[in-house]
Amino acid sequence: MNHDKQKPVATIAQREGLILAPYAMHSLDSAGRKHREAEHPYRGPFQRDRDRILHCAAFRRLAGKMQVFTGDRGDYHRTRLTHTMEVASIARTMGRALRLNEDLIEALALLHDIGHPPFGHAGEDALDECLSNAGGFSHNRHALVIVEALEIRYAEFPGLNLTHEVLACQSWRAEKKDSKKVPMLEAQVVDAADSIAYMAHDTDDALKLGLITIDELAEAPLIGDILAQAKEMSPPLLRMSVVHTLIDQQVGDLLHTTATRLDAKAPTSSEEACRWGFLLLPSDEMTARTTELRAFLYQRVYRHPDLVKVRSIAVKQLHKMFEELIHHGEHLPEASRARLEIVGVERAVGDYLAGMTDRFCHEQYERLAK
Ligand code: MG
């Protein structure tokens, strides 16, 4: 064993200096944390962020939150947790190929959906309506509340005290619809991996659960081509082939177009890449094809009558529970009651509801509001 007593940051900086590109976010350039902490003997700052997110309660609860399909449809389909793990895997693959900071990428990927309430985007819309007089609700903003206030794991500070870079990237996610800011490349990789992952796994789940057929799916051009090349396969293998080819083609396309442009522009730091507004973009052809596939999924899967029915029940339950709890704060757990004074009753109730898994939400509805 090597007992060399090098300072850990020096060791991490050496390692990153060898393997990361100049335009990657290097740990040595981190702006640090709001509450100062001593360096860890063998983990870099973004590794520590990743571990803090992985070990927090809100992350584990993703196992009980729906991605697209609820638990009454069996155990095959993705949950919010397995979606997150697929995003992290695809994002790390892209990050390694582009020589970006994989520790930062993994932290951002594990964080990206941590603020999702029960019942996916329908739950988010319901809470947004409930909180319309208190600033609304978005899962991306709620992720910041979780890691800055709600998770209590340390005596010295509330939240997880994540690095400035991880918080800044999550803030960009929360604001991106209204912002022209370009985030660091690691955040862009996670964003791209998110849509690559959900298009592939929602296609797989929708086929497996019988919401769409392979023949219907062939209407989407990206998939039609994949099916044409693999038509000799049995249906289950064909479905698998669609999933991994969809991921592989999109990742390959993004890496190819990005690597060429990065070589040409050659930003010399992460900060410079942001300042220049460098965007990770797929080719125009791939963009056109994925736009059509996304439209297909919206029309045939996400708006499927079976899913619309489940979502409308969930939305009604959240509305009724919100009304019940804002008038009967005694039903809130101690941690939420402690926040009543700080953030007001509506936000405290909204944050409590947002933390629920789908199952717990149903149980509490039966107990409190039915
Ligand atoms: Mg996601």
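Read the numbers this way: they start at 1 and go in the same order the structure lists the ligands and their atoms.
Taking the six-membered ring wherever Trp is involved, the centroid distance between the rings of H83 and H116 does not fall below 6.0 Å.
Checked options E16, Q47, R15, E165; the residue passing with S27 is E16 (criterion: side chain to side chain donor-acceptor pair (under 3.5 Å)).
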Would E175 and R141 count as a salt bridge (Lys or Arg N to Asp or Glu O under 4.0 Å) here? Give the steps. CA-CA 8 Å; E175 293 159 13; R141 264 188 281 137; over 6 Å; no

For the pair R367 and E363, evaluate salt bridge (Lys or Arg N to Asp or Glu O under 4.0 Å) and give the outcome as yes or no after the intermediate values. CA-CA 6 Å; R367 190 171 78 84; E363 280 175 13; over 6 Å; no

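Checked against the Mg ion (ligand 1), the N, O or S atom of D113 at the shortest distance is OD2. Take the N/O/S atoms of D194: the one nearest the Mg ion (ligand 1) is OD1.
H112 contributes NE2 and H83 contributes NE2; the angle these two atoms make at the Mg ion (ligand 1) is 90°, rounded to 10°.
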